[in-house]
Amino acid sequence: MVKNRKFYFFIALIYTIVLLYFSLVDISGVLPDTNIKFQDKILHFLAYLVLSVLWGYYAILLKTKNAIIYSFLATLIFGVILELVQEVVNPLRDCDILDLLANCIGIMFGTVVVIWYNRKLKLKS
């Protein structure tokens, strides 16, 4: 696996910008109708799980004390603020408490994955 911090920072930053963009623009009609119940919430969960894994892995590479905690808090704050302001930025979007919950659960799961992976790495060393 690539250990280049700049590479992972770039990937995490690009992903964050793309997530920011799609969170603020009107995407109604863009997603195919799959008839999956709670499809929107599943997508929120997955999007924020990936976000927290990317920033969490970058945090591991920094080898700074409590970096994973800072990564968790930063992605959590990002997800909460973004969900709350999207209605203000784009009147076609609205703040949904269930989307916010899906964001937070995705971040928690992603952080657990990062912590598990970090422990696995330490056991190998």
Side-chain angles (χ1 to χ4, degrees):
M1 180 163 273
V2 177
K3 301 280 186 193
N4 186 333
R5 288 187 294 192
K6 289 180 183 178
F7 173 78
Y8 280 99
F9 176 77
F10 178 74
I11 296 298
L13 184 62
I14 293 299
Y15 184 84
T16 303
I17 292 168
V18 169
L19 184 60
L20 176 68
Y21 174 78
F22 283 111
S23 295
L24 297 177
V25 299
D26 182 25
I27 58 170
S28 58
V30 173
L31 296 174
D33 186 15
T34 59
N35 293 325
I36 297 174
K37 198 170 189 177
F38 303 112
Q39 174 183 336
D40 178 48
K41 308 314 174 229
I42 294 168
L43 291 175
H44 275 265
F45 170 82
L46 293 173
Y48 281 88
L49 182 140
V50 171
L51 180 73
S52 65
V53 167
L54 289 172
W55 283 110
Y57 186 70
Y58 173 70
I60 289 172
L61 294 177
L62 289 176
K63 296 181 181 176
T64 306
K65 186 177 180 182
N66 299 323
I68 294 173
I69 294 170
Y70 297 139
S71 167
F72 168 76
L73 291 174
T75 53
L76 190 66
I77 291 167
F78 176 80
V80 169
I81 290 174
L82 191 54
E83 190 62 39
L84 295 174
V85 302
Q86 71 181 356
E87 187 172 47
V88 175
V89 174
N90 184 345
L92 299 173
R93 301 294 304 255
D94 59 343
C95 177
D96 183 349
I97 195 71
L98 293 178
D99 287 350
L100 181 60
L101 184 61
N103 295 353
C104 294
I105 293 171
I107 291 166
M108 286 188 273
F109 271 77
T111 302
V112 167
V113 168
V114 169
I115 291 168
W116 171 82
Y117 183 73
N118 190 39
R119 287 191 177 148
K120 185 177 171 184
L121 284 177
K122 285 182 180 180
L123 289 175
K124 281 184 165 180
S125 304

Engineer: Under 4.5 Å between side-chain heavy atoms, hopping through other hydrophobics if needed: is there a path connecting Ile14 to Tyr21?
Structural biologist: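 Yes, Ile14 connects to Tyr21 through the hydrophobic network.
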Engineer: Do Leu73 and Val112 land in one hydrophobic cluster if side-chain heavy atoms of ILVMFWY residues count as linked below 4.5 Å?
Structural biologist: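 No; tracing contacts between hydrophobic side chains, which count when under 4.5 Å, never links both residues.
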Engineer: Look only at the side chain of Tyr48 and the backbone of Gly110, and say whether a donor-acceptor pair between them is shorter than 3.5 Å.
Structural biologist: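 Looks like no, no N/O pair under 3.5 Å.
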Engineer: Could you measure the distance from the CD1 atom of Ile69 to the OG1 atom of Thr64? Nearest 0.5 Å is fine.
Structural biologist: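 Interatomic distance, Ile69 CD1 to Thr64 OG1, rounded to 0.5 Å: 12.5 Å.
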Engineer: With a 4.5 Å cut-off on side-chain heavy atoms, are Leu101 and Ile97 touching?
Structural biologist: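 The answer is no; the side chains never approach within 4.5 Å.
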Engineer: For atom OH of Tyr70, is the number of surrounding heavy atoms from other residues, nucleotides or ligands below 6.0 Å larger than 12?
Structural biologist: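 Atom OH in Tyr70 is not crowded, with 12 or fewer foreign heavy atoms closer than 6.0 Å.
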Engineer: So, for Leu54 and Ile11, which heavy atoms are closest and what is the spacing to 0.1 Å?
Structural biologist: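 Nearest heavy atoms, Leu54 then Ile11: CD2-CG2, 3.9 Å.
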Engineer: List the atom of Leu19, the atom of Leu82, and the distance in Å for their closest heavy-atom pair.
Structural biologist: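 It is O-CD2, 4.4 Å.
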Engineer: Which atom pair, heavy atoms only, marks the closest approach of His44 to Asn103?
Structural biologist: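 Heavy atoms only, the tightest pair is ND1-OD1, 2.8 Å.
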Engineer: I need the Leu20 CG to Leu13 CG distance, nearest 0.5 Å.
Structural biologist: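 If I round to the nearest 0.5 Å, the distance is 10.5 Å.
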Engineer: Measuring from atom OG1 of Thr111 to atom CG of Leu51, what distance do you get when rounded to the nearest 0.5 angstrom?
Structural biologist: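 Here the rounded value is 9.5 Å.
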Engineer: Within the 4.5 Å heavy-atom criterion, are Val80 and Cys104 side-chain neighbours or not?
Structural biologist: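 Contact flag for Val80/Cys104 side chains = yes.
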Engineer: So, for Ile68 and Gly56, which heavy atoms are closest and what is the spacing to 0.1 Å?
Structural biologist: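 That closest heavy-atom pairing would be CG1-O, 4.5 Å.
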Engineer: Which atom names give the shortest non-hydrogen contact between Asp94 and Gln86, and what distance separates them?
Structural biologist: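 Distance-wise, the nearest heavy atoms are O-NE2, 2.9 Å.
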Engineer: Identify the heavy atoms of Asp96 and Glu83 that sit nearest to each other, and give their distance.
Structural biologist: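 Answer, listing the atom of Asp96 first, then Glu83: N-OE2, 3.1 Å.
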Engineer: Within this structure, what is the OG-CG distance for the pair Ser23 and Asp99, rounded to the nearest 0.5 Å?
Structural biologist: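 One finds 9.0 Å between OG of Ser23 and CG of Asp99.
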Engineer: Could you give the distance from CG (Leu62) to OH (Tyr57), rounded to the nearest 0.5 Å?
Structural biologist: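 It comes to 11.5 Å.
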Engineer: Of Ile107, Ile105, Val50, which is the lone residue that meets side chain to side chain contact (heavy atoms under 4.5 Å, CB included) with Phe45?
Structural biologist: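 The option that passes is Ile105.
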Engineer: Within the 4.5 Å heavy-atom criterion, are Phe9 and Trp55 side-chain neighbours or not?
Structural biologist: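 Side chain of Phe9 against side chain of Trp55, heavy atoms only: contact under 4.5 Å found.
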Engineer: Between Ile115 and Arg119, is the side-chain contact (heavy atoms from CB on, under 4.5 Å) condition met? List the steps.
Structural biologist: CA-CA 6 Å; Ile115 291 168; Arg119 287 191 177 148; 4.0 Å; yes
Engineer: Just wondering, do Val113 and Phe109 contact through their side chains at under 4.5 Å, heavy atoms?
Structural biologist: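 The answer is no; the side chains never approach within 4.5 Å.
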Engineer: How about Ile17: does its CD1 atom have over 12 heavy atoms from other parts shown lying under 6.0 Å from it?
Structural biologist: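 Atom CD1 in Ile17 is packed in, count exceeds 12.
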Engineer: Side-chain contact test, heavy atoms from C-beta onward, threshold under 4.5 Å: evaluate it for Lys120 versus Trp116 and give yes or no.
Structural biologist: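 Result yes, sub-4.5 Å side-chain heavy-atom pair found.
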Engineer: NZ/Lys6 to OH/Tyr58 distance, rounded to the nearest 0.5 angstrom?
Structural biologist: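 Spacing of NZ (Lys6) from OH (Tyr58) equals 10.0 Å.
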